[in-house]
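Worksheet for the structure shown next.
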Amino acid sequence: MIAVAVFGAIMAMLLVAVVVAPMVEEGRRSKPEPGGEAAVRLEHALEALRRLQFDYETGKLNDEDYAALRREHAADAIAARDELATQAPAESGTPAGESGAPAGEPNCATCGSVVARSVQFCTHCGSPVLQPSAESDAPPG
């Protein structure tokens with residue numbers, strides 16, 4: 001009889017752990033992130049795109065619904081990304097006009113956009129950005 005009571009108590013604790021664990025994890029994830037609301041919107045849009053892709057690949061969505069929903073979520077993600085990009089210089093302490101690239105000097109070979117030196121892909125067209133080597137930046141001598 002005692003063994004049944006102990007087994008029942010252990011099972012009850014496991015059940016509580018299974019029910020409470022997702023709530024604790026959600027609370028841990030909902031802490032404010034750098035970038036504020038835009039970062040949260042970007043993460044939600046990207047997660048929605050992941051779920052949408054999964055639903056499409058498993059046959060839960062037809063082509064028309066998938067295309068419409070993907071456009072909507074992609075537009076949300078792009079808007080949040082652009083908002084984060086405009087906030088980043090202000091938060092890092094650099095003036096808003098200084099992105100790390102020389103003013104007016106396009107360094108994206110594909111579209112000609114001015115991009116920051118720290119990025120690997122153009123924020124306008126998405127193509128890889130060839131960064132100058134450290135040797136070419138160093139003064140001669």
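Hydrogens, waters and symmetry mates play no part in the numbers below; they use all other heavy atoms, side chains included.
- The minimum heavy-atom distance between Ala77 and Leu49, with the atom names listed, is CB-CD1, 4.5 Å.
- Atom-to-atom distance recorded for Ile78:CD1 and Asp76:CG is 9.5 Å, nearest 0.5 angstrom.
- Considering only residues two or more places apart in sequence or on other chains, Glu64 meets the side chain to side chain donor-acceptor pair (under 3.5 Å) condition with none of them.
- No path of Ile, Leu, Val, Met, Phe, Trp and Tyr side chains, each step under 4.5 Å between heavy atoms, connects Met13 with Leu15, placing them in separate hydrophobic clusters.
- Counting only residues at least two apart or on different chains, no ring pair (Phe, Tyr, Trp, His ring centres under 6.0 Å) pair has a member in residues 3-26.
- Taking CD of Glu37 as the reference point, atom CG of Leu84 lies at 10.5 Å (rounded to 0.5 Å).
- In this structure, CD in Glu72 is found 9.5 Å from CG in Leu52, a value given to the nearest 0.5 Å.
- Remark: Gln53 engages Glu57, Tyr66 in a side chain to side chain donor-acceptor pair (under 3.5 Å) (not counting sequence neighbours).
- Atom CZ of Arg81 has more than 12 heavy atoms from other residues, nucleotides or ligands within 6.0 Å.
- Minimum heavy-atom separation, His73 to Ala45: O-CB, 3.8 Å.
- By the criterion of side-chain heavy atoms lying less than 4.5 angstrom apart, applied directly or through intervening Ile, Leu, Val, Met, Phe, Trp or Tyr residues, Met11 is grouped together with Val6 in one hydrophobic cluster.
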